[in-house]
Amino acid sequence: MKFDARIPSGPLDQKWEKCIRELKLVNPANKRKFEVIVVGSGLAGASAAATLAELGYNVKCYCYQDSPRRAHSIAAQGGINAAKNYQNDGDSIYRLFYDTIKGGDFRAREANVYRLAQLSVNIIDQCAAQGVPFAREYSGYLSNRSFGGAQVSRTFYARGQTGQQLLLGAYQALCRQIGLGKVKMFARCEMLDLVLVDGHAKGIVTRDLVTGEITPHSADAVILATGGYSNVFFLSTNARGCNASAAWRAHKKGALFANPCYTQIHPTCIPVSGEHQSKLTLMSESLRNDGRVWVPKKRGDNRSPDSIPEDERDYYLERKYPSYGNLAPRDISSRAAKEACDDGRGVGPGGLGVYLDFSDAIKRLGVSTIRERYGNLFDMYRTITGESAYEVPMRIYPALHYTMGGLWVDYHLMSNIPGLFVLGEANFSDHGANRLGASALMQGLADGYFVIPHTIGHYFASTKPNRPSTSHPEFKKAVEDVSGMTKRLLSINGKRTPGDFHKQLGKLLWDKCGMARTEAGLKEALRIIPSLREEFWQNVKVTGANGELNQTLEQAGRVADYLEFGELLCADALMRNESCGGHFRTEFQTPDGEALRNDTDYSFVGAWEYTGVGKPPTLHKEPLVYEEVHMTQRSYK
Ligand SMILES: Cc1cc2nc3c(=O)[nH]c(=O)nc-3n(C[C@H](O)[C@H](O)[C@H](O)COP(=O)(O)OP(=O)(O)OC[C@H]3O[C@@H](n4cnc5c(N)ncnc54)[C@H](O)[C@@H]3O)c2cc1C
């Protein structure tokens, strides 16, 4: 299999410039001859669609929500990183690059991460020029706060609604192009297959979620910006609609899936409250700027937090990681919370919680400052738990939040299928085995506003406009396959809902492939998943019909994909006989319980090739070569 990451040669800080210099161009008059499909209208998709249309390409953009404005990116709370060094606290492009590589436990590509750090500064300029209302200082300068895994303040934010404000910026840029007729928007439209003609990605098949109509769409290239796969675990902080189907179906058409076992568990979420819960809620990492995390020192101490004296509290992050304290990275903070709870010192119902306490910050800064910084998060917390975090500490626990793995892409963000590009959380590119807070928005916007506009042009300039007709046999076959699957799902008429299967799969994955993984547990999951999948195809009940709005049908298709994808997730975790970042194999840890990497054998991107349902996938390895940084044991002490 052809497998070239196309990383430019030369010094790290000049690679992107060199790449741009060498890219072929499409002249303005020719750009309008090309049509691009963009699946996804979150930050990555909307920024790409708007920018490509602005350049002159014709764009068709798809999302399953009723409006592009409702993409999951809207949920992002805390902020977006950029190496502007406004605080004069020692930040630089190199430091953002290094923090990201180290945060990812030395499992990301150097060249991509350096480019991301370089582009971070442009993103803030672009968004501020669009009118995104970033928080500002009294002087008018943009304000910053700190996020995990960094000792500088480089996170730009708009209260606890950064994603929403950034998405409004990208959305208005997209709307401008919709108004100009350069972008055709297809809302409530779900991509259910990718179409390849002569080995190139040339289109998709969609289902109209309101009418059920199944339609082929052709283009000169396809961009997937379809988000992450956290929801395979059923309970996660992601919006309920987020799913892995677009990426998975592209994988089944030949796109490599990289590092699926790199999943991120966020330390500060509202704990699970019962069996019937369908979603978890994040309390932004930004809260760790001012909140202090602790548990009682004594096991089983169920006194109210205010009656536990200071010397009987264990501020375990500050104790274990004095240099970073409460701002230790997410993987490390999550594991530390689990460790405290496993030790019987967890708080709240079931002992699965730790405190995030603002009392010191309120004493120091006053309630009004805390309200100004985090008011909407405190309101959310009160709505869900009935408690005021101004008066009692929040109770938090780790939950599935983000996925670093995704479709494999090269430096141009093109997958191994020519003409198929993948942006944002859907690709695997920049975060290694653990993403630092506030870096996902940065990556999605870097991909959409600044990388793809260059690299897609090179692809077009290297090929001829060759948009096949949708009457091509490959399109016909894809339409038949999608219609066939829809009919099959509706005809089973079994006894269990798709949600019920999803819940069972999610619990299995959380138990066996969640915060801690073992060889035995992963093997057990790999034994159970195929039988669950078999049962699904015999016993699922999908009510309603195809020709109508039918969310059970939508869900059934997504769960069918999870039942295949879950197997790959566990196979990847089993293959990686080391611990790194969010992938913690209990067999591989240092004496003090930290992740123990094996750089000799596992310093590679694990990119999997699909070989058929239930058949062992083929592993391809992209070696990770570090020219600039030395791989070290990560330390936040
Ligand atoms: C609660 C929460 C808070 C977060 N806070 C932060 C933060 O403060 N800072 C930060 O950097 N990151 C944060 N993140 C992560 C960040 O929000 C996401 O990684 C990022 O927004 C993903 O953007 P995206 O454009 O890649 O995908 P999304 O925003 O998920 O967009 C996916 C798009 O693809 C479309 N789509 C998907 N599948 C299909 C299909 N089959 N057919 C048609 N359309 C499809 C959807 O309709 C949608 O338009 C947070 C995440 C969560 C869950």
Side-chain angles (χ1 to χ4, degrees), residues 37-49 61-82 120 123 145 147 155-167 170-171 174 185-194 204-209 223-231 236-239 241-250 264 266 268-269 279-286 330 377 380 399-404 406 422-427 431 435-445 447-448 554 557-558 561:
I37 281 175
V38 180
V39 187
S41 63
L43 283 175
S47 58
C61 183
Y62 301 78
C63 70
Y64 58 72
Q65 289 92 350
D66 58 349
S67 155
R69 195 192 164 293
R70 290 193 202 280
H72 162 66
S73 291
I74 205 166
Q77 300 172 348
I80 175 166
N81 287 330
S120 69
I123 296 170
R145 56 189 174 199
F147 259 62
T155 305
F156 293 77
Y157 63 100
R159 244 182 152 199
Q161 315 168 341
T162 316
Q164 174 164 354
Q165 299 306 333
L166 291 170
L167 190 61
Y171 171 69
L174 179 66
M185 188 70 220
F186 297 80
R188 289 211 161 177
C189 198
E190 182 167 25
M191 167 195 159
L192 292 179
D193 210 353
L194 174 74
I204 59 172
V205 172
T206 60
R207 178 172 174 273
D208 182 310
L209 297 183
I223 295 175
L224 296 187
T226 47
Y229 52 84
S230 290
N231 278 354
S236 91
T237 62
N238 283 206
C242 292
N243 67 85
S245 287
W248 186 248
R249 293 186 190 193
Q264 174 162 89
H266 197 298
T268 58
C269 304
K279 162 152 191 21
L280 294 173
T281 305
L282 175 75
M283 288 287 103
S284 167
E285 179 164 300
S286 60
R330 292 176 179 178
L377 301 172
M380 250 160 75
L400 237 300
H401 177 65
Y402 180 87
T403 49
M404 284 75 68
V422 191
L423 317 183
E425 193 173 338
N427 72 26
H431 308 291
R435 173 178 72 83
L436 291 185
S439 287
L441 303 183
M442 169 172 73
Q443 183 226 325
L445 290 178
D447 289 359
E554 289 167 32
R558 294 167 190 172
D561 292 336

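Remember, it's a predicted structure, so these values are computed and weren't measured experimentally. In each ligand, atom 1 is the first atom listed, and ligand 1 is the first ligand listed. Just so you know, these numbers use all the heavy atoms, side chains as well, and skip hydrogens, waters and symmetry mates.
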Legend entry - side-chain hydrogen bond (donor to acceptor under 3.5 Å, both in side chains) involving Thr403 - partner list, sequence neighbours excluded: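 For Thr403, the residues satisfying side-chain hydrogen bond (donor to acceptor under 3.5 Å, both in side chains) (neighbours in sequence not counted) are Glu425.
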
Legend entry - side-chain hydrogen bond (donor to acceptor under 3.5 Å, both in side chains) partners of Ser439, counting only residues at least two apart: Asn81

Atom pairs and distances, ligand 1 N/O vs protein N/O under 3.5 Å:
unit_1   : atom_1 : unit_2 : atom_2 : d
ligand 1 : 5 (N)  : Gln77  : N      : 3.1
ligand 1 : 8 (O)  : Gln77  : N      : 3.4
ligand 1 : 8 (O)  : Gly78  : N      : 2.7
ligand 1 : 8 (O)  : Gly79  : N      : 3.0
ligand 1 : 9 (N)  : Gly79  : O      : 2.8
ligand 1 : 11 (O) : Ser439 : N      : 3.4
ligand 1 : 11 (O) : Ala440 : N      : 3.0
ligand 1 : 11 (O) : Leu441 : N      : 2.8
ligand 1 : 19 (O) : Glu425 : OE1    : 2.6
ligand 1 : 21 (O) : Ser73  : OG     : 2.8
ligand 1 : 23 (O) : Ser73  : OG     : 3.1
ligand 1 : 25 (O) : Leu43  : N      : 3.2
ligand 1 : 25 (O) : Ala44  : N      : 3.0
ligand 1 : 26 (O) : Glu425 : N      : 3.0
ligand 1 : 29 (O) : Ser73  : N      : 2.8
ligand 1 : 29 (O) : Ser73  : OG     : 2.5
ligand 1 : 34 (O) : Ala225 : O      : 3.4
ligand 1 : 41 (N) : Met191 : O      : 3.2
ligand 1 : 42 (N) : Met191 : N      : 2.8
ligand 1 : 47 (O) : Tyr64  : N      : 3.1
ligand 1 : 47 (O) : Gln65  : OE1    : 2.4
ligand 1 : 49 (O) : Ser41  : N      : 2.8
ligand 1 : 49 (O) : Ser41  : OG     : 3.1

Legend entry - Note, Tyr64 side chain near Leu209 side chain (heavy atom, < 4.5 Å):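 A side-chain contact exists here, since the closest heavy-atom pair is under 4.5 Å.
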
Inset, instruction - Using a cut-off of 6.0 Å, state whether more than 12 heavy atoms not belonging to Arg249 lie near its atom CZ. - result: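 Result for CZ/Arg249: enclosed.
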
Legend entry - Glu285: salt bridge (charged side-chain N to carboxylate O under 4.0 Å, His left out) partners, not counting sequence neighbours: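 Only Arg288, Arg330 meet the salt bridge (charged side-chain N to carboxylate O under 4.0 Å, His left out) criterion with Glu285.
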
Inset, instruction - Give the ring-plane orientation class for His266 versus His401, where under 30° counts as parallel, over 60° as perpendicular and anything between as tilted. - result: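 It falls in the perpendicular class, over 60°.
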
